[in-house]
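See below for the structure under consideration.
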Number of protein chains: 2
Amino acid sequence: MIEENCETFVSDCHVRAAVELINHTWDPVILSALRSGPTRRKDLLHRIAGVSDKVMTESLRRLSSRGLVTKTADGSRRDTAVYELTGLGASLTGGPLAQLATWAAENQAALSATS
Amino acid sequence: MIEENCETFVSDCHVRAAVELINHTWDPVILSALRSGPTRRKDLLHRIAGVSDKVMTESLRRLSSRGLVTKTADGSRRDTAVYELTGLGASLTGGPLAQLATWAAENQAALSATS
DNA sequence: CCGGGTTCCCACCGTTCGGTAGGAACAGGC
DNA sequence: GCCTGTTCCTACCGAACGGTGGGAACCCGG
């Protein structure tokens with residue numbers, strides 16, 4: 001599906017690929033939340049109000065499978081699982097995602113006015 | 001829904017708001033396609049392979065209602081309708097969206113490897 | 001007048017996504 | 001042992017999204 005567009009609009013294909021990384025409702029929020037460092041699942045759920053348990057699991061798995069987040073457990077214990085940004089994830093959150101947040105903050109007035 | 005997160009994660013709220021502007025499959029592609037200047041609907045459909053007529057209409061309407069795109073018609077004629085980026089839309093496509101595309105291009109190998 | 005091209009709308013279908021509810025597995029404190 | 005907290009998983013449901021098919025309105029060239 002993406003490849004078709006690559007034939008016509010190469011740069012757009014990249015945009016598409018990138019947007020698909022974050023186009024799930026909570027993924028960007030979780031990524032941003034992880035910028036403060038390795039975080040446990042419980043703390044993520046606590047900090048991000050409104051996200052359900054299932055969605056958090058799904059998002060973390062999705063982000064993990066895409067190489068943006070790693071799950072690190074101390075030994076085999078379950079309740080010590082810690083999620084952390086990978087280099088790729090950090091470059092995404094620190095670069096484009098931060099840009100997006102900055103842009104949104106600067107244009108907040110215009111956005112809320114039109115919505 | 002967004003406001004709840006704002007209480008806890010202010011910057012994340014902005015990310016959310018921005019992502020919601022582009023989290024529809026074809027919206028970013030259409031926005032990027034419009035960077036080359038005012039474009040007619042037909043040309044957009046022709047250039048972006050894979051997008052359906054309905055989705056194009058929906059996306060254009062959505063982008064228009066959010067102030068990212070304007071629809072300009074020469075008089076009352078229907079087939080001269082031209083879509084164009086607004087200042088807001090241009091700042092989004094030229095800034096964060098371009099950043100995202102650049103990032104995606106740079107990390108293309110890592111992305112395709114993990115997917 | 002008539003056919004083709006263009007814009008736009010509507011109704012329907014299948015898939016995906018987010019949310020809820022419930023439970024299993026595991027560790028620690030009482 | 002028992003209860004609690006935490007991490008996951010598994011159904012299900014409703015809503016939203018993308019895609020298809022069909023058609024209406026409009027303009028132009030034959």
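Fair warning: this is a prediction, and the values are worked out from it, not measured in the lab. To find a chain, count down the sequence lines: A is the first, B the second, and so on, and within it residues start at 1.
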Could you state the [atom1]-[atom2] distance from [X] to [N], rounded to the nearest angstrom?
| X | N | atom1 | atom2 | value |
| --- | --- | --- | --- | --- |
| A:R40 | D:dC8 | CZ | C1' | 16 Å |
| A:H24 | C:dT15 | NE2 | P | 17 Å |
| B:L45 | C:dT7 | CG | C1' | 10 Å |
| A:E58 | C:dG19 | CD | P | 10 Å |
| A:D43 | D:dT6 | CG | C1' | 11 Å |
| A:I22 | C:dC17 | CD1 | C1' | 17 Å |
| A:L44 | D:dT6 | CG | P | 13 Å |
| B:E20 | C:dC17 | CD | P | 16 Å |

Can you find a side chain N or O atom of [X] that sits less than 4.0 Å from OP1 or OP2 on [N]?
| X | N | answer |
| --- | --- | --- |
| A:W26 | C:dG19 | yes |
| A:T25 | C:dG18 | yes |
| A:Y83 | D:dC8 | yes |
| B:K71 | C:dC8 | yes |

Atom pairs, protein N/O to nucleotides 9-11 of chain C N/O, distance under 3.5 Å:
unit_1	atom_1	unit_2	atom_2	d
C:dC9	OP1	B:R61	NH1	2.7
C:dC9	OP1	B:R61	NH2	3.4
C:dC9	OP2	B:R61	NH1	3.3
C:dC9	OP2	B:R61	NH2	2.7
C:dC9	N4	B:D53	OD2	3.0

task = Compute whether any side-chain donor of one residue and acceptor of the other, for B:R61 and B:S64, lie under 3.5 angstrom apart.
result = no
Could you measure the distance from the [atom1] atom of [X] to the [atom2] atom of [Y]? Nearest 0.5 Å is fine.
| X | Y | atom1 | atom2 | result |
| --- | --- | --- | --- | --- |
| B:W103 | A:L88 | CH2 | CG | 4.5 Å |
| A:I22 | A:I30 | CD1 | CD1 | 13.0 Å |
| A:L45 | A:T39 | CG | OG1 | 11.5 Å |
| A:L85 | A:S91 | CG | OG | 9.5 Å |
| B:S36 | B:L44 | OG | CG | 8.0 Å |

Of C:dG18, D:dT7, C:dC8, the nucleotide closest to the side chain of A:A81 is D:dT7
Of D:dT7, C:dT6, C:dC8, the nucleotide closest to the side chain of B:K42 is C:dT6
For A:G67, does its backbone N or O pair with a side-chain atom of A:T86 as donor and acceptor, under 3.5 Å?
yes
